[in-house]
4 protein chains.
Amino acid sequence: MSKKRGRTEKGEKSRHRLMEAAAEEFARSGYHATKVSDIVKAAGLTQAAFYLYFPSKEAILSELVAEFKQQLRVFGDSGSNVTALAPSDVPAKMRQNIEDVLTFLLKNRELVRVALYESPEATVIHEEITGLIRENARKNWLAGHIREGLALDVVAECIFATIHASAERWLFNGEKSAKQLASEIAEVLQYGMLAHRPKNDLPKA
Amino acid sequence: MSKKRGRTEKGEKSRHRLMEAAAEEFARSGYHATKVSDIVKAAGLTQAAFYLYFPSKEAILSELVAEFKQQLRVFGDSGSNVTALAPSDVPAKMRQNIEDVLTFLLKNRELVRVALYESPEATVIHEEITGLIRENARKNWLAGHIREGLALDVVAECIFATIHASAERWLFNGEKSAKQLASEIAEVLQYGMLAHRPKNDLPKA
Amino acid sequence: MSKKRGRTEKGEKSRHRLMEAAAEEFARSGYHATKVSDIVKAAGLTQAAFYLYFPSKEAILSELVAEFKQQLRVFGDSGSNVTALAPSDVPAKMRQNIEDVLTFLLKNRELVRVALYESPEATVIHEEITGLIRENARKNWLAGHIREGLALDVVAECIFATIHASAERWLFNGEKSAKQLASEIAEVLQYGMLAHRPKNDLPKA
Amino acid sequence: MSKKRGRTEKGEKSRHRLMEAAAEEFARSGYHATKVSDIVKAAGLTQAAFYLYFPSKEAILSELVAEFKQQLRVFGDSGSNVTALAPSDVPAKMRQNIEDVLTFLLKNRELVRVALYESPEATVIHEEITGLIRENARKNWLAGHIREGLALDVVAECIFATIHASAERWLFNGEKSAKQLASEIAEVLQYGMLAHRPKNDLPKA
DNA sequence: GATGAATGAGGATTCATTCAT
DNA sequence: GATGAATGAATCCTCATTCAT
């Protein structure tokens, strides 16, 4: 089942410590600025030991990214089907979704940074995520929960960009809780910024 | 007046070519992955010439960031006063603002990436920008153009994150024009995503 | 106990070889003219190995100087107390002292050159040495073995300068033995050059 | 008459400034540590101008050394013949000689350091100087002014080493005057250090 | 005579990676 | 499984020197 090493208990432990250390260092300083020696220092091992578990520095990056993708898949699969919601439940559901994403990001903050900033696949991953969101949005649109006339790809980008930026700005440093942040974000995304809306902007019958 | 070198026309040219080349390389490959030799190759000079104009690789990064900040300041100073707008003019004005930002980002795309991803000051700069936007939002809010009950800091982050992400996604690669993108973004940000709004969400008298 | 590296026998050996090689090269060609590549070549290692043991080229110089100072301290501590000598024993004792210094210099010839010519501390070290000699001279003076009317600082400088210069000139290249050289130097320093001395220059009663 | 350049007045001036600057820098920091850019900076010229007057950095060193040798020759030629002195005049004469040498060194302090420390010819020059002194000593010996039983080469080394070291130590930094230093040195060199001399050490008849 | 620009050939230092134990 | 020692291939930066004006 296990991919490469980790035959023994102890080896498994070491390998894990290396992954954690690498995630942290990559997140803090970036892939290039992080030296293998930094990683092993943080993991309490020697350089040579690193190569017992990973064939190269790049390899551990890929593994971290792979792990993130795996987490993401798990998270994505827990996604709800949407169609059955009553219109009045949509806002709360959406708010909850945002909170869930925030919680997910918080739990994987190091991996997030690695996957989204340091990985060569960053762009691809970004699009995977916004793709998921877009798909979800499309379902909601089909269900009539989302306004006509919106570009759904932009909507998706807007949702994720806002969540992601807000997480970096207030969530990861503990300045705001996932719950509060989710409310504030939802409030903007759901009803927009403007105080006044044009005359003809009425709810569809 | 002139900072360091470049007393003569030719020197000025060389210095400029180096800045451009560095911006491009940093934007494409990142600061660390970019070698000084890459920069000078792209600029058609030798390594030694680089150090005629910049004391170190880091220095040219700072200069690029400084240049971006300068551009930003120029752009920011051209910002409109907001209060006098009639409510009905607000949406169009806002759409125009977004288009202006997009155009600014497009014109400085390399610098944007350098300043926002590669610079040690990235976070600071990010906050400078969102700070500007937040300030603008606050003025609009005072003028009654923006809904009550929104967290303005989140609004600002939302605006910039969306614009920035969209620029990276569709503007820089030419998939969408600034004008179109601005419309699509404005549409989301102004009125939100939801098709239905709660009963009590009525325009204030 | 051990300073930096060299936990194992082999490492210790390598570190030592580097020190020796550096001493030799610095002594032969001077600090600046000696390349790290010269040192490692002479030590049979690669450039990178050098930095396993020393953080910089300058660092190995300091260590060499430190080693010299250490040797010097050891040598200095073995210095005799002087007061108890009978006047008739003083010349022989002094001659012996000179020979001891010569032998010390010979044994540490590379270090001597490094410490006295190549080190930034050269002046300080020079003064340390002459300081020791001056102190010794002062004791001898208090014991009545040294003439009145001499500037003891000049005496010390004279002694060391002569010994040092003579070592460079005849000892290090094997042209004269320490024993012979000590005799010849002592002969000059003890009784001076002049054949005739003034009438009133009589031994004190 | 002039060697290389210096056709015009201004050129001559520039060339001279470069020599002076080089002497000073070499003396202060050593040949290798001194950059051509240091020299020209101190001389108020550009790097390219340097090569108008000297084919290389090494060349200016040689010229400085040559200049020193020239000065030395001039100084040496003014040396007195010695034989005719009455024994009672010898000490004063010798003291005067020492003072003259000190004065010469002081006047050429930069060149001295360059020639004696930084030049590849340093050893040769050193021997030239001690050779002169030895020759002078031999004359004095022949004239009966110098004791039997001394190794004249050691005597010469002793004289010069003492003078040179003392100059570096007290003369160049102004702590002692040439006159005073000459007295103190002469006192040691002439009669030695010991307070008591053996019974049989009597002036020769 | 003098300059600003430019360069070629290093030189110190770093770092991912391998080897022997 | 783990280590200390060692390495090769860069990479940044320097500096004496040349060129065009």
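What's counted below: heavy atoms across the whole structure, side chains too, no hydrogens, waters or symmetry copies. Every chain is numbered from 1, with letters handed out A, B, ... down the list of sequences.
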Mind calculating the distance between [atom1] ([X]) and [atom2] ([N]) to the nearest angstrom?
X       : N      : atom1 : atom2 : answer
D:Ile60 : F:dC15 : CD1   : C1'   : 16 Å
C:Tyr53 : E:dT13 : OH    : C1'   : 17 Å
D:Glu12 : E:dA2  : CD    : P     : 11 Å
B:Phe50 : F:dT11 : CZ    : P     : 15 Å
B:Phe54 : F:dT14 : CZ    : P     : 15 Å
D:Leu52 : E:dT3  : CG    : P     : 9 Å

For [X] versus [Y], what's the shortest heavy-atom pair and its separation?
X        : Y        : result
A:Glu118 : A:Tyr31  : OE1-N, 2.9 Å
C:Ala49  : C:Leu45  : CB-CB, 4.0 Å
D:Val65  : D:Ser119 : CG2-CB, 3.5 Å
C:His32  : D:Ala33  : CE1-CB, 3.6 Å
C:Arg109 : C:Phe172 : NH1-O, 2.8 Å
C:Tyr53  : C:Ser14  : OH-CB, 3.8 Å

Margin query: Any side-chain to backbone donor/acceptor pair from B:Lys69 onto B:Ala115? Under 3.5 Å, distance only.
Written below: no
Checklist line | Residues which pass side chain to side chain donor-acceptor pair (under 3.5 Å) with B:Arg113, listed by chain and number, not counting sequence neighbours | finding: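 For B:Arg113 the side chain to side chain donor-acceptor pair (under 3.5 Å) partners, ignoring immediate neighbours, are B:Glu168.
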Margin query: If you assign each of C:Glu58 and A:Lys57 to its closest nucleotide in DNA chain E, which residue comes earlier from the 5' end?
Written below: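 Comparing both residues, the 5'-ward one is C:Glu58.
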Next item on the list: May I ask you to list the residues of residues 16-46 of chain B, by number, that have any heavy atom positioned under 4.0 Å from an atom of DNA chain E?
Entry: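 Heavy-atom contacts with DNA chain E come from B:Leu45, B:Thr46.
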Determine all donor-acceptor pairs shorter than 3.5 Å in which one atom belongs to a side chain in residues 18-28 of chain C; sequence neighbours excluded.
residue	atom	partner	partner atom	Å
C:Glu25	OE2	C:Arg28	NH2	3.2

Check: Using Watson-Crick and G-U wobble pairs with both distances under 3.5 Å, what is the 5'-to-3' dot-bracket string of DNA chain F, with [ ] for crossing pairs and | for pairs outside the strand?
Finding: .||||||||||||||||||||
Item checked: Nucleotide of E:dA5, E:dT3, F:dA5 approaching D:Ala49 most closely (side-chain heavy atoms) ->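 Looking only at heavy atoms from C-beta outward on D:Ala49, the closest nucleotide is E:dT3.
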Note to self: Within the structure provided, determine whether B:Ile125 and B:Phe68 are in side-chain contact (heavy-atom separation under 4.5 Å).
What the structure shows: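 B:Ile125 reaches B:Phe68 side chain to side chain.
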Notebook entry, point to check: Can a side chain N or O of C:Ser14 be found less than 4.0 Å away from OP1 or OP2 on F:dA6?
Noted result: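 For F:dA6, OP1/OP2 do have a side-chain N/O of C:Ser14 under 4.0 Å.
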Interface polar pairs with nucleotides 18-21 of chain F, N/O, under 3.5 angstrom:
none

Check: With sequence neighbours left out, what residues match A:His164 under ring pair (Phe, Tyr, Trp, His ring centres under 6.0 Å)?
Finding: A:Tyr117, A:Phe160
